*Asks:* 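Starting off with a structure, shown below.
Everything numeric in this text was worked out from a predicted model, so none of it was measured.
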Amino acid sequence: MSATPYPAPELRLPERVTPGSLLRAILASRPWLALAAMVFGALWLVPGALLPLVIGAAIDSGIAGGDTTALLWLAALVAGIGVAQAIFGGVLDFLGAGMWMHGASATQRVVGTHTARLGSSLREQASSGEVLAVTSADIDKVGFALEVIGRVVGSIVAFLTVGIVLLTYSPLLGSVALVGVPFAVAGIGPLIGPLERRLDTQREELSAVNALGSDIVSGLRILRGVGGERQFLGRFRHASQRVRRTGVAVARSESWLTAAEVLLPGLVTVVITWLGARLAVAGTITVGELVAFYGAAAFLVIPVSTTTESTGVWASAWVSARKACRILNLRPLLDEPDSPVRLPDGPLEPHDVESGITAVAGKLTVVDAGPRAEAMASRLARFTDDGPTALLSGVPVDRVALADLRERVVFAHNQDLWFSGPLGDEVAPDRPGEVSVATALWAADADDIVAALPDGLAERIGERGREVSGGQRQRLSLARALAKDADVLILDEPTSAVDAHTEARISERVARLREGRTTVVFSQSPLWTAVADEVVTRCR
């Protein structure tokens, strides 16, 4: 096992996550990276801010004053400033990329971890398209918000440096720079609100089209069977066009922002150059100082454009962070007990209070509950809190920690989902028990499926197990549940998609494998009844 070269620290988030608290937590998890980006952002731009002043001094002292030695020293200083900017700029790019990766990966990690904790509660509170959009497009925008921090801090430091130096040369020109540039930036503010609203609308439409695409892919077989491809293609085209229109609206706002980014600081540069020319004609400042003022005024376009660019980036990141916070603020529908109670060791005895059924500990109990089977199974395994609390060997299931309950009680449902990956990894439990994968496959009569695959257990199965038939997927899902070797195994119609001969083999093998462990099978099949230790046919 190789060590992780870039360890991921845990984010410390408040109970109620906001976009601001999320971004602060990401920055606080690696403060040295943010500090280094800010320092090198200043080191990158401040030399450029001083460059026009050095050139102006070279004109006055070296050219106009005829001092060759001073000219050579100042020329060497100009070259040194260029080299320093190149070095500091390269380091800043490296740190900026690190900030982007940290922001994107931290957001993806915290959202992914939280959705895993939500478990089955997530499906009822958020759509798959919303989660997909957060963990794909939104994380990049949060990363870009962190990437520009170093350049923004450098822009602020460089602007203050230029303004203070200009004040020493000419209070008038320095005041124009120090006042005019902030006003130019403030003038861009009214454009941010419309951009943020349009980004929010675009984000909602993108989530909708992602959800629609996910639904189409998951139901592609059914659509082909009923000839619904054309209808859903039309719906997807309409959804895509809505995304396109919102994207055009966002681009329109961004174009106005870019135009203002050039126009407003350009006006400040024109004013400073005009005033400087008048002062030079009047003899108040020298030609070198005029060149320095012009160069400094032109340089101010860089920090202003950087700031306005970051404003648009932050507006987009704020929308994306708000969507991530929507996921992070979801809570499991099942509450953890305040004082968890441990389940007794050994076989457990499930009892459903509402129906009155009891599955004897260590026995195979077959229950004919009809349409109420799924609700009863969900209560016994506590996948729902509807109705009276079920009991496990006298312990209410809502008094047991969910992690402990999921470890001891497994509810295998025919609608359980498969992720993509090697078949062996899909069937094998997180913690190996006494039941091996081969034994579980044998009991589920699924070893023939593995034998027919070119790579056997190493065969890569796609998402939702589309490479196999419904009956094969049901048997593989049963094998996965059996390999878990749980103290209580609850099965809901585990052989509904197989033929009678296969069902007979499966029922006999499962009864033999689960001997001494509690197994509850909700089924109306006489083949399961024939191998059962206990049979319940009436439920109140």
*Asks:* Working to the nearest 0.5 angstrom, can you tell me the gap between Leu334 CG and Ser121 OG?
*Replies:*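 Output value for this atom pair is 5.0 Å.
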*Asks:* Would Phe88 and Val46 count as a side-chain contact (heavy atoms from CB on, under 4.5 Å) here? Give the steps.
*Replies:* CA-CA 10 Å; Phe88 294 142; Val46 169; over 6 Å; no
*Asks:* Using the test side-chain contact (heavy atoms from CB on, under 4.5 Å), find all partners of Pro337 that sit at least two apart in sequence or belong to another chain.
*Replies:*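 Applying side-chain contact (heavy atoms from CB on, under 4.5 Å) to Pro337 gives Pro340.
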*Asks:* Under the side-chain hydrogen bond (donor to acceptor under 3.5 Å, both in side chains) test, which residues partner Ser253, sequence neighbours left out?
*Replies:*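 Partners of Ser253 by the side-chain hydrogen bond (donor to acceptor under 3.5 Å, both in side chains) criterion, ordered by chain and then number, come out as Arg198.
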*Asks:* Do Arg406's NZ or CZ and the ring of Phe411 fall within the cation-pi criteria of under 6.0 Å and 45°?
*Replies:*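 Geometry flag: not set, cation outside 6.0 Å or 45°.
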*Asks:* Any idea which heavy atoms bring His114 and Leu328 closest together, and the distance?
*Replies:* NE2-O, 3.2 Å
*Asks:* Find out whether Asp425 and Pro422 are in side-chain contact, i.e. whether some heavy atom of one side chain is under 4.5 Å from a heavy atom of the other.
*Replies:* yes
*Asks:* Using side-chain heavy atoms (C-beta onward) and a distance below 4.5 Å, is Leu476 in contact with Glu426?
*Replies:*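 When only atoms from C-beta onward are counted, Glu426 and Leu476 do not touch, as no gap falls below 4.5 Å.
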*Asks:* Find the distance between CG (Leu146) and NZ (Lys141) and round it off to the nearest 0.5 Å.
*Replies:* 16.0 Å
*Asks:* Not counting sequence neighbours, list each pair that qualifies as a salt bridge (charged side-chain N to carboxylate O under 4.0 Å, His left out) and has a residue in residues 76-102.
*Replies:* none
*Asks:* If you measure from CG on Leu50 to CG on Leu77, what distance do you get to the nearest 0.5 Å?
*Replies:* 9.0 Å
*Asks:* Using every non-hydrogen atom in the two residues, find where Trp314 and Ala145 come nearest and quote the distance to one decimal.
*Replies:*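 In terms of heavy atoms, the two residues are closest at NE1-O, 3.0 Å.
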*Asks:* Can you find a heavy atom in the side chain of Leu45 that is under 4.5 Å from one in the side chain of Phe159?
*Replies:*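 No - every pair of side-chain heavy atoms lies 4.5 Å or more apart.
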*Asks:* Could you list the residues that satisfy salt bridge (Lys or Arg N to Asp or Glu O under 4.0 Å) with Arg242, not counting sequence neighbours?
*Replies:* Glu205
*Asks:* Can you give me the closest heavy-atom contact between Leu22 and Ala324, atom names plus distance?
*Replies:* CD2-CB, 4.2 Å
*Asks:* Check step by step if side-chain hydrogen bond (donor to acceptor under 3.5 Å, both in side chains) holds for Ser378 and His413.
*Replies:* CA-CA 10 Å; Ser378 297; His413 196 284; over 6 Å; no
*Asks:* Using a 3.5 Å distance criterion without hydrogens, assess whether the side chain of Glu407 forms a donor-acceptor pair with backbone atoms of Ala403.
*Replies:* no
*Asks:* Taking the basic N atoms (NZ, or NE/NH1/NH2) and the acidic carboxylate oxygens, is any pair closer than 4.0 Å for Glu15 and Arg331?
*Replies:*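 Arg331 and Glu15: salt-bridged.
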*Asks:* How many angstroms lie between CZ in Arg109 and CD1 in Ile139, if you round to the nearest 0.5 Å?
*Replies:*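 One finds 11.0 Å between CZ of Arg109 and CD1 of Ile139.
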*Asks:* Tell me, do Leu27 and Leu23 make a side-chain contact under 4.5 Å, heavy atoms counted?
*Replies:* no
*Asks:* For Arg244, which residues count as a salt bridge (Lys or Arg N to Asp or Glu O under 4.0 Å) partner, sequence neighbours excluded?
*Replies:* none
*Asks:* With sequence neighbours left out, which residue pairs that include part of residues 76-90 fulfil the side-chain hydrogen bond (donor to acceptor under 3.5 Å, both in side chains) condition?
*Replies:* none
*Asks:* Side chains of Val157 and Met38, heavy atoms from C-beta outward: is any pair under 4.5 Å?
*Replies:* no
*Asks:* Taking the side chain as C-beta and beyond, is there a heavy-atom pair between Ile87 and Trp44 under 4.5 Å?
*Replies:*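 Of all side-chain heavy-atom pairs linking Trp44 with Ile87, none is under 4.5 Å.
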*Asks:* Please report the closest heavy-atom contact between Ser310 and Val148, naming both atoms and the distance.
*Replies:* CB-CG2, 3.8 Å
*Asks:* Please list all pairs meeting salt bridge (charged side-chain N to carboxylate O under 4.0 Å, His left out) that have one or both residues in residues 147-173, counting only residues at least two apart or in different chains.
*Replies:* Glu147-Arg151, Arg151-Glu309
*Asks:* For the residue pair Asp138 and Ser320, what are the closest heavy atoms and their distance?
*Replies:* OD1-OG, 2.9 Å
*Asks:* In chain order, what residues pass the salt bridge (Lys or Arg N to Asp or Glu O under 4.0 Å) check against Arg252, with sequence neighbours excluded?
*Replies:* none
*Asks:* How long is the span from the CD1 atom in Ile26 to the NE2 atom in His102, to the nearest 0.5 Å?
*Replies:* 6.5 Å
*Asks:* Listing request: all salt bridge (charged side-chain N to carboxylate O under 4.0 Å, His left out) pairs with a residue in residues 33-57, at least two apart in sequence or in separate chains.
*Replies:* none
*Asks:* Going by side-chain hydrogen bond (donor to acceptor under 3.5 Å, both in side chains), name the residues that satisfy it together with Thr18, two or more places apart in sequence or in a different chain.
*Replies:* Ser21
*Asks:* Locate the shortest heavy-atom distance separating Met99 from Ile149; write the atom from each residue and the value.
*Replies:* CE-CD1, 4.2 Å
*Asks:* Quick one: side-chain hydrogen bond (donor to acceptor under 3.5 Å, both in side chains) partners of Asp404, sequence neighbours excluded?
*Replies:*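 Testing Asp404 for side-chain hydrogen bond (donor to acceptor under 3.5 Å, both in side chains), a comparison that skips the adjacent residues, returns none.
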*Asks:* Is the shortest heavy-atom distance from the side chain of Ile327 to the side chain of Thr115 under 4.5 Å?
*Replies:* yes
*Asks:* Find the distance between CD (Glu336) and CG (Leu405) and round it off to the nearest 0.5 Å.
*Replies:*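 Between Glu336 CD and Leu405 CG, I get 9.5 Å after rounding to 0.5 Å.
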*Asks:* Please enumerate all residues that pass side-chain hydrogen bond (donor to acceptor under 3.5 Å, both in side chains) together with Thr384, with sequence neighbours excluded.
*Replies:*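 In terms of side-chain hydrogen bond (donor to acceptor under 3.5 Å, both in side chains), with neighbours along the sequence ignored, Thr384 is linked to Asp386.
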*Asks:* Has Thr246 got a side-chain atom pairing as donor or acceptor with Val243's backbone, closer than 3.5 angstrom?
*Replies:*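 Yes; judged by distance alone, with no hydrogens or angles, the pair exists.
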